[in-house]
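Quick notes on the structure that follows.
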Amino acid sequence: LTPCSYTLPLHDALPLCNQRQPLLTALALVPSAWGGRHHQSKELHSAEKLQMDFETALITYVAALFTMMNPIGNVGIFVSMTADRSASEAKKIAWACALAVAITLVIVTWTGSGLLDFFGINVHQLRAAGGLIVLRIAFSMVSGDQSHSSAGDGAKRRNIAIVPLAIPIVAGPGSIATVIVASERHAGLWAKVDLSIAAIALAVFVAIIFSYSRAIADWLGEEGMSEVSKIMGMVLAAIAVGMIAHGVTGMIPALATSG
């Protein structure tokens with residue numbers, strides 16, 4: 001039987017065959033049109049999935065960077081290092097520290113590992129060097145020597161906002177490494193903008209937390225702050241030893257597997 005073989009009389013069947021050709025042509029175009037719409041739908045779904053993946057990665061990045069910066073845990077260190085300062089000066093130090101942290105992390109976001117490569121260093125060396133600086137500060141806190149914060153004029157006294165508060169305590173090697181990994185994984189322009197905004201927002205949060213930490217110092221009093229300073233000095237020394245150990249084992253991997 002042919003496609004136009006019907007039980008109808010011939011003079012009735014011929015018009016149907018003539019009408020059927022445009023219909024068949026239209027039906028043949030349906031899969032092509034549906035395929036185009038399906039392809040566009042797949043592209044839209046892929047774009048939405050990439051956007052959702054980046055949003056998830058951004059949330060993870062913020063959580064990881066917040067953990068590395070540890071603003072709440074560093075309140076005790078900030079209070080101890082600014083115990084001999086006035087409340088207004090402590091707030092200035094807090095905001096200067098936050099500004100230094102924001103500038104550091106934004107620069108690292110846009111330069112990635114290129115900044116470290118420019119100076120010929122890596123994260124492990126930075127971690128070990130930062131550990132030595134922090135360890136020196138920890139020793140002075142434990143011994144009750146506040147020369148790192150009280151010596152010299154006002155300009156020199158404010159230097160603790162950058163070193164060691166901003167670098168390496170808040171924006172330490174761990175924070176820098178977190179930013180480098182995220183910036184290299186998400187190298188797009190707008191992705192870097194989002195990463196920069198996140199870093200600035202966390203720096204502002206650090207400033208706010210540090211600014212209101214003065215109430216803790218007033219509540220503890222001079223003797224209480226002296227004891228807290230020694231305790232936080234021990235904590236800071238432990239952190240410093242860990243930074244040095246991780247830095248050394250990162251530079252010499254054989255030490256991590258020996259023993």
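Owing to the predicted nature of the structure, the values given are computational and were not obtained by experimental measurement.
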May I have the list of side-chain donor-acceptor pairs in residues 164-171 shorter than 3.5 Å, sequence neighbours left out?
none

Rounded to the nearest 0.5 Å, what's the gap from OG on Ser80 to NZ on Lys230? Could you check? 12.0 Å
Met68 and Ser175 have their tightest heavy-atom pair at CB-OG, 3.5 Å
Euclidean distance, Ile72 CD1 relative to Ser213 OG, rounded to 0.5 Å: 12.5 Å
Pairs of donor and acceptor atoms involving the side chains of residues 232-248, under 3.5 Å and at least two apart or interchain, shall be tabulated with distances.
from: His246; atom 1: ND1; to: Gly242; atom 2: O; distance (Å): 2.7

Rounded to the nearest 0.5 Å, what separation is found between the CG atom of Asp194 and the CD1 atom of Ile197? 5.5 Å
Using the side-chain hydrogen bond (donor to acceptor under 3.5 Å, both in side chains) criterion, which residues pair with Ser196? Sequence neighbours excluded. Trp110
Tabulate below the donor-acceptor pairs under 3.5 Å that side-chain atoms of residues 121-133 make, not counting sequence neighbours, or state none.
from: Asn122; atom 1: OD1; to: His124; atom 2: N; distance (Å): 3.1
from: Asn122; atom 1: OD1; to: Gln125; atom 2: N; distance (Å): 2.8
from: Gln125; atom 1: OE1; to: Asn122; atom 2: N; distance (Å): 3.1

Quick one: does any side-chain atom of Thr111 pair with a main-chain N or O of Gly114 as donor and acceptor, under 3.5 Å? no
Heavy-atom pair of closest approach, residues Ile160 and Met81: CD1-O, 3.8 Å
Can you see which heavy atom on Leu105 is nearest to which on Thr109, and at what distance? O-OG1, 2.7 Å
Which atom pairs, donor and acceptor, lie under 3.5 Å between side-chain atoms of residues 58-67 and protein residues at least two apart or in another chain?
from: Thr60; atom 1: OG1; to: Thr56; atom 2: O; distance (Å): 2.9
from: Thr67; atom 1: OG1; to: Ala63; atom 2: O; distance (Å): 2.8

So do the side chains of Leu195 and Val179 get within less than 4.5 Å of each other, counting heavy atoms only? no
Joint hydrophobic cluster, Ile107 plus Met69, side-chain heavy atoms closer than 4.5 Å: yes
Hydrophobic cluster membership, Met251 vs Leu255, 4.5 Å side-chain cutoff: yes
Can you give me every donor-acceptor pair (side chain of residues 202-212, partner residue at least two apart or in another chain, under 3.5 Å) with its distance?
from: Ser211; atom 1: OG; to: Trp95; atom 2: NE1; distance (Å): 3.3
from: Ser211; atom 1: OG; to: Ala207; atom 2: O; distance (Å): 2.6

